[in-house]
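A short write-up of the structure that comes next.
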Amino acid sequence: MAYNKAANSAFAWLGLVFWSFQLAPQGNRRKSTEGVSIVMLYLWFAGNMFYGAYALADNLYFGLVIQPQLFALFTLINIMQVYWYRYKLSFVSVAAASLVLCIFYAGLHVGMWKAIDAAIRRDQHKAVEFMGVLPAVLIALGFFPEFYVCVSEQSVEMSNVFIAFDILGGVFSTISLAFDHTFDYIASITYLIVVLLDLVLVAMKIFFSVRSTQGLAHKQKQGSEPGREELVLQSKVDMRTEACTDNASDPSTA
């Protein structure tokens with residue numbers, strides 16, 4: 001396909017929007033991260049770190065370069081939501097974990113960018129191909145813990161909006177590559193494998209809906225497990241009850 005700067009740019013920005021911001025509402029929308037694998041999120045975080053370095057070193061269009069950075073950012077937000085909503089960690093603990101991961105990401109990202117750039121300049125094609133395929137492998141591996149969760153719960157808890165946006169982001173990003181000077185087959189692997197595995201989630205969601213198990217696991221957990229707000233309220237009630245008991249048993253207050 002002939003190079004088309006306008007099409008390359010337009011589809012790259014569409015891919016950025018759909019393939020980045022879809023992660024943002026996952027936890028906040030329902031105040032829960034049940035059904036979302038934290039292993040998947042960590043693998044996606046690492047995969048986008050490597051892909052961001054590859055895209056920068058390979059001089060892809062600017063929209064495709066910042067896309068994995070935004071995806072990694074929103075993945076990090078979702079990881080923190082898991083610690084906050086599911087594991088009930090304190091704000092300080094969540095903030096500290098976030099800072100450590102940001103430092104890790106920045107340091108390794110810059111190091112990998114420099115290494116890939118050096119490999120490209122030295123025509124070390126095997127090393128460049130390996131670093132280009134590695135993100136796709138990590139992101140693909142991230143789906144399998146989620147598949148396990150879905151099969152265990154007989155339900156896919158990822159929202160329809162997330163899955164649809166993820167597919168569209170992968171498709172638009174691949175089209176953008178097609179309008180570049182040369183089609184980057186290595187970069188396209190990352191996008192196309194995500195589209196393929198998202199379609200597996202769609203098939204699973206349809207299958208579980210037919211079996212009438214879709215969404216049941218989340219509803220049962222909502223009814224049996226108190227949320228963060230309920231735990232805080234119960235803690236306040238317990239503290240007041242304890243204070244009243246202490247006052248009643250203290251002779252000096254009589």
Side-chain angles (χ1 to χ4, degrees), residues 8-29 33 36-83 97-98 100-110 112-113 116 131-146 158-177 184 186-201:
N8 175 243
S9 173
F11 283 110
W13 287 109
L14 282 172
L16 181 148
V17 171
F18 283 105
W19 217 53
S20 300
F21 294 98
Q22 90 279 26
L23 272 172
Q26 285 297 298
N28 285 332
R29 183 175 59 86
T33 56
V36 178
S37 167
I38 193 170
V39 177
M40 174 194 72
L41 294 174
Y42 269 111
L43 285 169
W44 284 5
F45 183 74
N48 279 280
M49 175 185 62
F50 286 112
Y51 183 67
Y54 173 82
L56 188 60
D58 202 35
N59 199 30
L60 295 183
Y61 181 75
F62 179 71
L64 296 181
V65 170
I66 64 173
Q67 177 195 86
Q69 323 302 341
L70 285 174
F71 194 100
L73 172 63
F74 288 120
T75 303
L76 176 62
I77 292 173
N78 277 266
I79 292 172
M80 295 306 107
Q81 287 177 335
V82 171
Y83 288 137
S98 178
V100 169
L101 285 174
C102 285
I103 294 172
F104 170 78
Y105 181 95
L108 197 54
H109 184 276
V110 172
M112 294 309 302
W113 165 43
I116 297 170
M131 294 309 303
V133 172
L134 180 60
V137 173
L138 291 174
I139 292 173
L141 287 175
F143 275 88
F144 288 92
E146 185 64 21
M158 284 187 172
S159 70
N160 294 331
V161 173
F162 167 82
I163 297 175
F165 277 27
D166 213 30
I167 292 173
L168 288 172
V171 170
F172 287 141
S173 298
T174 304
I175 294 174
S176 173
L177 292 173
D184 193 324
I186 296 176
S188 70
I189 293 173
T190 299
Y191 300 122
L192 294 176
I193 202 164
V194 168
V195 172
L196 175 63
L197 295 174
D198 274 330
L199 291 174
V200 174
L201 285 175

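The first residue of the sequence shown is numbered 1, and numbering continues consecutively from there.
Taking the side chain as every heavy atom from C-beta outward, Tyr191 and Trp19 approach each other to under 4.5 Å. At least one side-chain heavy atom of Met131 sits less than 4.5 Å from a side-chain heavy atom of Met112. In this structure the side chain of Thr190 never reaches within 4.5 angstrom of the side chain of Tyr54, judged on heavy atoms. Side-chain contact between Phe71 and Ile139 is absent, with no heavy-atom pair separated by less than 4.5 Å.
Legend: residues meeting side-chain contact (heavy atoms from CB on, under 4.5 Å) with Ala57, ordered by chain and number and at least two apart, are Trp113, Ile116, Asp117, Ile120. Ser173 meets the side chain to side chain donor-acceptor pair (under 3.5 Å) test with Gln67; sequence neighbours excluded. Under the side-chain contact (heavy atoms from CB on, under 4.5 Å) criterion, Val82 pairs with Thr33, Ile38, Leu41, Arg86, Tyr87, sequence neighbours left out. Not a single side chain to side chain donor-acceptor pair (under 3.5 Å) links Trp44 to another residue, sequence neighbours left out. Under the ring-ring contact (aromatic ring centres under 6.0 Å, His included) criterion, Phe50 pairs with no residue, sequence neighbours left out. For the side-chain contact (heavy atoms from CB on, under 4.5 Å) test, residues two or more places apart in sequence or in another chain that qualify with Ala12 are Tyr61, Leu64, Ser176. For the side-chain contact (heavy atoms from CB on, under 4.5 Å) test, residues two or more places apart in sequence or in another chain that qualify with Phe18 are Leu14, Phe165, Leu168, Phe172. In this structure, the ring-ring contact (aromatic ring centres under 6.0 Å, His included) partners of Phe144, at least two apart in sequence or on a different chain, are Phe147.
The line from CG of Leu196 to CG of Leu201 is 10.5 Å long, rounded to the nearest 0.5 Å. To the nearest 0.5 angstrom, Ile66 atom CD1 is 11.5 Å from Leu56 atom CG. Atoms CG and CD1, from Leu134 and Ile189 in turn, are 11.5 Å apart once rounded to the nearest 0.5 Å. With rounding to the nearest 0.5 angstrom, the CG atom of Leu177 is 6.5 Å from the CG atom of Leu60. With values rounded to the nearest 0.5 angstrom, Met49 atom CE is found 12.0 Å from Thr75 atom OG1. Taken to the nearest 0.5 Å, the CG atom of Asn78 stands 10.0 Å off from the CG atom of Leu73.
Between Tyr51 and Ala187, the shortest heavy-atom distance links the atoms OH-CB, 3.5 Å. Heavy atoms only, all atoms of each residue included: Ser98 and Leu76 are closest at OG-CD2, 3.9 Å. Here the closest heavy-atom approach between residue Gly52 and residue His109 is recorded as C-NE2, 3.5 Å. For the residue pair Leu16 and Gly63, the shortest heavy atom distance occurs at CD1-O, 3.3 Å. Of all heavy-atom pairs between Glu146 and Ser37, the closest is OE1-N, 2.9 Å. What you find for Ile167 and Val195 is that their closest heavy atoms are O-CG2, 3.7 Å.
Classified by interplanar angle (parallel below 30°, tilted 30° to 60°, perpendicular above 60°), the ring pair Tyr105/Phe45 is tilted.
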- prompt: Could you walk me through whether Phe143 and Asp198 pass the side chain to side chain contact (heavy atoms under 4.5 Å, CB included) check?
  reply: CA-CA 9 Å; Phe143 275 88; Asp198 274 330; 3.5 Å; yes
